[in-house]
Amino acid sequence: MDAKQKLDEINSIMKEVSNDDTDFQSSFMAFMGSTMSGGSLDIKTKELIALSLGIAARCEWCISYHVNAAFAAGATRKELMEVGYVTVLMYGSQALMELNNLMDAIKQFEQK
């Protein structure tokens, strides 16, 4: 998986959706923005939860998106890997294989 390419694909599909149905795209983005903004849980915590769900769902696009967003929210490599381990504990061997995609995204988006 190329995590940066996955982000480009997300942006591409959202542009196509916007061209096709602006109301849907703007409603979706408003819902996402409202859900992922700070509240009782801070943004970093929400991104870590979303990452875990992306790993469990085996969604390469979700993993790329939420690793990038988690780093932007202040997450560390160690925190991201720990999210992966907890997901493996709760979801099993399928999640273990998704750690390849997690590590790829971490390598591509980590600021050293």
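These numbers come from the heavy atoms of this one structure, side chains and all, not from hydrogens, waters or symmetry mates.
- Counting all heavy atoms, side chain and backbone alike, A3 lies closest to F109 at CB-CE1, 3.5 Å.
- When every heavy atom of I43 is checked against every heavy atom of A73, the shortest pair comes out as CG2-CB, 3.9 Å.
- Under the 4.5 Å side-chain contact rule for hydrophobic residues, Y85 and I63 share a cluster.
- How far OH of Y65 is from CG of L7: 8.5 Å, rounded to the nearest 0.5 Å.
- In this structure, the side chain of S12 does not engage the main chain of D8 through any donor-acceptor pair within 3.5 Å.
- The shortest heavy-atom contact between T76 and E79 is N-OE1, 2.8 Å.
- Between the OG atom in S64 and the NZ atom in K4 there is a gap of 11.0 Å [rounded to 0.5 Å].
- For Q108, the side chain to side chain donor-acceptor pair (under 3.5 Å) partners two or more places apart in sequence, or in a different chain, are D104.
- Nearest heavy-atom pair across A70 and L80 is CB-CD2, 3.7 Å.
- In this structure a side-chain-to-backbone donor-acceptor pair under 3.5 Å is missing from S34 to F31.
- Under a hydrophobic-cluster definition in which Ile, Leu, Val, Met, Phe, Trp and Tyr are linked whenever side-chain heavy atoms come within less than 4.5 Å, directly or via other members, I49 and V86 are assigned to different clusters.
- Evaluation of the side chain to side chain donor-acceptor pair (under 3.5 Å) rule for Q5 yields E9 as partners, not counting sequence neighbours.
- With sequence neighbours excluded, the residues that form a side chain to side chain contact (heavy atoms under 4.5 Å, CB included) with S52 are V83, T87.
- The side-chain contact (heavy atoms from CB on, under 4.5 Å) test with K15 is passed by exactly one of N19, N11, V17, I13: N19.
- Nearest heavy atoms, A75 versus L48: CB-CD2, 4.2 Å.
- Qualifying side chain to side chain contact (heavy atoms under 4.5 Å, CB included) partners for M36, counting only residues two or more places apart in sequence or in other chains: M32, K46, E47, A50, H66.
- When every heavy atom of F71 is checked against every heavy atom of R77, the shortest pair comes out as CE2-N, 3.9 Å.
- For M14, the side chain to side chain contact (heavy atoms under 4.5 Å, CB included) criterion is met by I10, Q25, F28, M29, not counting sequence neighbours.
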Sequence neighbours left out, cut at 3.5 Å: what donor-acceptor pairs do the side chains of residues 96-103 make with other protein atoms?
from, atom 1, to, atom 2, distance (Å)
E98, OE1, N101, ND2, 2.7
E98, OE2, R58, NE, 3.3
N100, ND2, M97, O, 3.2

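- For the atom pair CG (N68) and CD (E110), the distance works out to 12.5 Å, reported to the nearest 0.5 Å.
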